[in-house]
There are 2 protein chains.
Amino acid sequence: METPDVWKEFSGNVITHSGAHHLLAILELTNERGYARVTDIARSLEITTGSASTNLKSLKGKGLVQEDENRFLSLSAEGRKLAEAIIKRRTTLIKFFTKVLEVSPEQAEIDACKTEHLLSPETTLKMDQFIASKA
Amino acid sequence: METPDVWKEFSGNVITHSGAHHLLAILELTNERGYARVTDIARSLEITTGSASTNLKSLKGKGLVQEDENRFLSLSAEGRKLAEAIIKRRTTLIKFFTKVLEVSPEQAEIDACKTEHLLSPETTLKMDQFIASKA
DNA sequence: TGCAAATGTTTGACATACCTAACTCCAAAT
DNA sequence: ATTTGGAGTTAGGTATGTCAAACATTTGCA
């Protein structure tokens, strides 16, 4: 058995775990309260505003996050698409883990959180279809 | 909906992606040829011996890897346990993705590789049981 | 035995992704 | 107008993980 040369693809991920959660925070904050500033995101993620500022700058650089003249942050079309995909994946994963595999809700949430930004669209789709076929 | 404070647990992982693959390489190489040196591991992972040397030093520091007087590397009891757990997880994941979800083998391998070191024992176990119950 | 090839380590440079702490900037209240 | 506090950035530090290149060591063979 050969160690597959797939292993390095890990680095080529679209988004990091941290990055994903910044996007999700923006989406949730804007949905809940209508806006998201650096501070709001930092509070939501329980990190310092310094970290949030730096992290968000890089997301802006990637064209996933936008900032208006009043420093309100929002997701770009691409960012929104990505965030929604991740949320969908998390939902699917949690449902799958708890309903199908009967994993405890706590562990399901942790596992989903760790893998939600890594799983391919194909696998997520198939997982969805599987759940649907059982319902 | 609140962003769960679970998200930071990502950093508290037992092992990194890269670290995991170094362990797996040692296990596979020793199984296949009876030994694993820095060079062998570097070749197997397609990184320079410099990188391998540094990375392995840190794994030695964590007590996962040992070195004998001839510079042959091996896994400690703990390292072996960890490596075997990861391999088992990968096997389970691939089987699950391809057999149950009918994901393509290529994508299954990539997804398994990305998550094999992140999934909890509980979820892996449940996944195993699920496969068994269907067989 | 002696030299060349293989092996391994270290160093210095980069890139990413975090953090904290210190600083700037601005706006509102007194 | 001055102070105070909220908001945000920057600077400096840690940790990983990668590389190339200089160096040391070991091995093996001619």
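Below, each value reflects all heavy atoms present in this structure, side chains not excepted, and no hydrogens, waters or symmetry copies. Here the structure is a predicted model, which is why all the values come from computation and not from measurement.
- Here dA7(D) presents its C1' atom at 15 Å from CD1 of Ile47(A), a figure rounded to the nearest Å.
- Backbone-only engagement by Thr39(A) is indicated by non-hydrogen atom pairs under 4.0 Å involving sugar-phosphate atoms exclusively.
- Look at CG on Asp68(A): it is 15 Å from P on dA7(D), rounded to the nearest Å.
- Checking each of Asp111(B), Thr98(B), Leu119(B) against Leu93(B) for a side chain to side chain contact (heavy atoms under 4.5 Å, CB included) leaves exactly one that passes, namely Leu119(B).
- When each of Asp40(B), Leu29(B), Asp68(B), Val65(B) is tested with Leu73(B) by the rule side chain to side chain contact (heavy atoms under 4.5 Å, CB included), just one qualifies, namely Val65(B).
- Under the side-chain hydrogen bond (donor to acceptor under 3.5 Å, both in side chains) test applied with Glu116(B), the options His17(B), His21(B), Arg89(B) reduce to a single match, His21(B).
- On the nucleic acid side, DNA chain C contacts chain A at distances under 4.0 Å to non-hydrogen atoms, with the end points of that region at dA17(C) to dA21(C).
- Look at CG on Leu45(B): it is 10 Å from P on dC19(D), rounded to the nearest Å.
- Per the geometry, CD1 belonging to Ile41(A) stands 12 Å off C1' belonging to dG8(D), to the nearest Å.
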Scan the side chains in residues 78-88 of chain A for donor-acceptor partners under 3.5 Å anywhere in the protein, sequence neighbours excluded, and list what turns up.
| unit_1 | atom_1 | unit_2 | atom_2 | d |
| --- | --- | --- | --- | --- |
| Arg80(A) | NH1 | Glu84(A) | OE2 | 3.2 |
| Lys88(A) | NZ | Asp128(A) | OD2 | 2.7 |

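- Counting to the nearest Å, the P atom of dT16(D) and the NE2 atom of His17(A) are 17 Å from each other.
- Residue Trp7(A) contributes atom CH2, which lies 12 Å from atom C1' of dT16(D) at whole-angstrom precision.
- Under a cutoff of 6.0 Å and an axis angle of 45°, Lys134(B) and Phe130(B) form a cation-pi pair.
- The salt bridge (Lys or Arg N to Asp or Glu O under 4.0 Å) analysis of residues 53-65 of chain B, with sequence neighbours excluded, yields the pairs Lys60(B)-Glu67(B).
- Hydrophobic side-chain contacts under 4.5 Å tie Phe72(A) into a cluster, directly or through other members, with Tyr35(A).
- Shown here are the salt bridge (Lys or Arg N to Asp or Glu O under 4.0 Å) partners of Lys114(B), two or more places apart in sequence or in another chain: there are none.
- Rounded to whole Å, atom P of dT25(D) lies 15 Å from atom CD of Glu67(B).
- Whole-Å rounding puts the Ile15(B) CD1 to dG17(D) C1' distance at 14 Å.
- Mapped onto DNA chain D by nearest heavy atom, Ser58(B) and Arg37(A) fall at different nucleotides, with Arg37(A) at the one closer to the 5' end.
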Reading 5' to 3' through nucleotides 10-15 of chain D, protein heavy-atom contacts under 4.0 Å coded B for base, S for sugar-phosphate only, - for none: B-----

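- Looking only at atom types and distance, the side chain of Ser51(B) has no donor-acceptor partner in the side chain of Thr54(B) under 3.5 Å away.
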